[in-house]
Amino acid sequence: MAAALELRCWGGDWGLPSVHSESLVVLAYSKFSGAKLTVCPIDWTWKTITASVPELLCGDAVVQEPAQILHFLRKQRFNADYELTARQGADTMAYIALLEEKLRPALLHTFWVDAENYSNLTRPWFASRSPFPLNFVVPSRQASAALSRILVTKGEAPLHRISEVEGKIYSDAKECLNLLSYRLGKTKYFFGNSPSSLDAFVFGFLAPLFKATLPSSTLQSHLKQLDNLTHFCDNILAVYFSAQNPNGRQPARQPSAQNPQS
Amino acid sequence: MNVCVFIPTAAEPWPENATLYQPLKEDQILLSDCASSLAVQAYLRMCGLPVQVVCRANAEYMSPSGKIPFIHVGNQVVSELGPIVQFTKAKGHSLSDGLDDVQRAEMKAYMELVNNMLLTAELFIQWCDDATAAEISRPRYSSPYSWPLNNILAYQKQWEVRRKMNAIGWGGKTLEQVYEDVSQCCQALSQRLGTQPYFFSKQPTELDALVFGHLFTIITTRLTSGELAERIKGFSNLLSFCRRIEQTYFEDKTKNTKLSKFV
């Protein structure tokens, strides 16, 4: 049907197939929709500085950005959302906007701006996965991009300094986590019994925060208190990314939640 | 630390002389500011709180956060819809008390959708589209000032907005893609609204005020191209939603409603 699909993304660690939120969104969606992707981690290659991650290659087409990649996969008939009603589709858009506006700045801050986390976890990880001499350049470039993104979007006058913005973005992020927890309730996935693109986005954003060994993070401790969200992440990891199922392509129709391991 | 922090003074009632400040209506105000201001006005009217609208050329600089609109109530100044909703809640007026947790989560998510898509699209069209920026935005934004200040301020604002668009990944978008994003956002809103009078059944909430503010302003504002307004008019339930709110809450302003010729 389609040409082979190849995904360029950052490699995995901490029990996750990828440590990069956006790559994780695409990986999760591909598992949910049954798309077989060849995963090419860009670790230890020069693509760490040249490629925009994640990137999907299909024949001659090159697609970037998670939302565009998901849209492309849907056009290739890998659709995890076909069972959703129109209203659920609208809800998906709204919740993804909520994640982008409220949670992403705090995630960027936790991993790239917070001094302790950056120097003890993020920088060593990314530096060790980049070839010489990029290991000196890649982490700091990403860190300054993260800082400027936070300041430009959230640090409008008179909140010019990052210390003033911090309080606001963390309280917004905690509220966002609470809202997601209310919405998820006791169900396995956000819309019924099979996962959809919203589940992929939430998983992609939450899993690194949940699993990374961050030296100091109030946001991580807040997330760990929300049991239904942590079970949500663990469930997806167990069902779709477990060791027994490394290339586990769960067809979208099967209720795979009932029998995770064969 | 939120600059709009206030000491909850639920004991003090809403004063009669509360004022809302915005830029000059005829010459200066731009689409995005007009939409935000109308959203706040609609919200306050829905709560039944009287407020006078005052136009000032330097409203943006008077605002504590630099954003329009802001309200001056008693001895407190609060700007932007989010903090204003919290402020009125502390005074005992709220439209979303009847919602449960899941509904409140949905409401906040949809409000973020409007901010993320509609407001960003308005800013993009105003400042990143060269034709609109040159013909409408820059002249209007700088109209109260004399040369050379008018040029400096207009270009500075344009540079700021373009920088923000680049930071969030909208820098490379074309106008057509932005119109498409707006259509998708309106489709989501239309599907969520369905045939109900308001987004959460029978009573309006801050989400209704926000959606009304943006959609009404887009439909009734003349830009270089009428494409944006046309796309929204394609959703009949959103049009009747706007008309309903205009008739219910703003009818004392105009006898002949502006929307009547579109429906």
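Each chain gets a letter, A, B and so on, in the order its sequence line appears, and its residues count up from 1. Hydrogens, waters and symmetry mates play no part in the numbers below; they use all other heavy atoms, side chains included.
Interface residue B:Met117: only side-chain heavy atoms are found under 4.5 Å from chain A. Neither the backbone nor the side chain of A:Glu65 comes within contact range of chain B, judged by heavy atoms closer than 4.5 Å.
When the candidates B:Gly194, B:Ala109, B:Gly169, B:Ala167 are compared by the number of heavy-atom contacts under 4.5 Å with chain A, B:Ala109 comes out ahead. In terms of heavy-atom pairs under 4.5 Å with chain B, the best-connected choice from A:Met93, A:Glu175, A:Arg183 is A:Met93.
Remark: B:Gln203 CD is loosely packed, at most 12 non-hydrogen atoms of other residues, nucleotides or ligands lying under 6.0 Å away.
The interface of residues 173-188 of chain B with chain A, defined by heavy-atom distances below 4.5 Å, comprises B:Gln184, B:Cys185, B:Ala188. For a heavy-atom cut-off of 4.5 Å, chain B lies close to A:Arg149 in residues 139-149 of chain A. The stretch residues 96-115 of chain A places A:Ala97, A:Leu98, A:Glu100, A:Glu101, A:Lys102 near chain B, each with some heavy atom under 4.5 Å from a heavy atom of that chain.
No side-chain donor-acceptor contact under 3.5 Å links A:Ser181 and A:Asn178. Between B:Thr205 and B:Asp208, the side chains place a donor N or O and an acceptor N or O closer than 3.5 Å (distance only, hydrogens not considered).
A salt bridge links B:Glu230 and B:Lys233; the closest N-O separation between the charged side-chain nitrogens and carboxylate oxygens is under 4.0 Å. Under 4.0 Å is where a charged nitrogen must lie from a carboxylate oxygen, and between B:Glu227 and B:Arg231 at least one such pair does. In this structure, B:Lys89 does not pair ionically with B:Glu206, as no charged nitrogen and carboxylate oxygen lie closer than 4.0 Å.
Relative orientation of the A:Phe190 and A:Tyr95 rings is tilted, given thresholds of 30° and 60° on the angle between their planes.
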Check: After noting the C-alpha distance and the side-chain angles of B:Leu118 and B:Leu215, does the key distance pass the side chain to side chain contact (heavy atoms under 4.5 Å, CB included) rule?
Finding: CA-CA 9 Å; B:Leu118 281 185; B:Leu215 294 185; 4.1 Å; yes
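Every side chain to side chain contact (heavy atoms under 4.5 Å, CB included) that B:Gln158 has, sequence neighbours left out, goes to B:Trp127, B:Ala133, B:Arg138, B:Arg162.
Between the side chain of A:Gln220 and the backbone N or O of A:Leu209, at least one donor-acceptor pair lies under 3.5 Å. Although no hydrogens or angles enter the test, the distance criterion places a donor-acceptor pair under 3.5 Å between the side chain of B:Tyr110 and the main chain of A:Asp91. Although no hydrogens or angles enter the test, the distance criterion places a donor-acceptor pair under 3.5 Å between the side chain of B:Ser137 and the main chain of B:Gln126. Not a single donor-acceptor pair under 3.5 Å links the side chain of B:Arg192 to the backbone N or O of A:Ala90.
Contact annotation: the side chain of B:Leu99 never approaches that of B:Glu106 to less than 4.5 Å [non-hydrogen atoms, C-beta and beyond].
Here the OG atom belonging to A:Ser33 is positioned 9.0 Å from the CG atom belonging to A:Asp81, to the nearest 0.5 angstrom.
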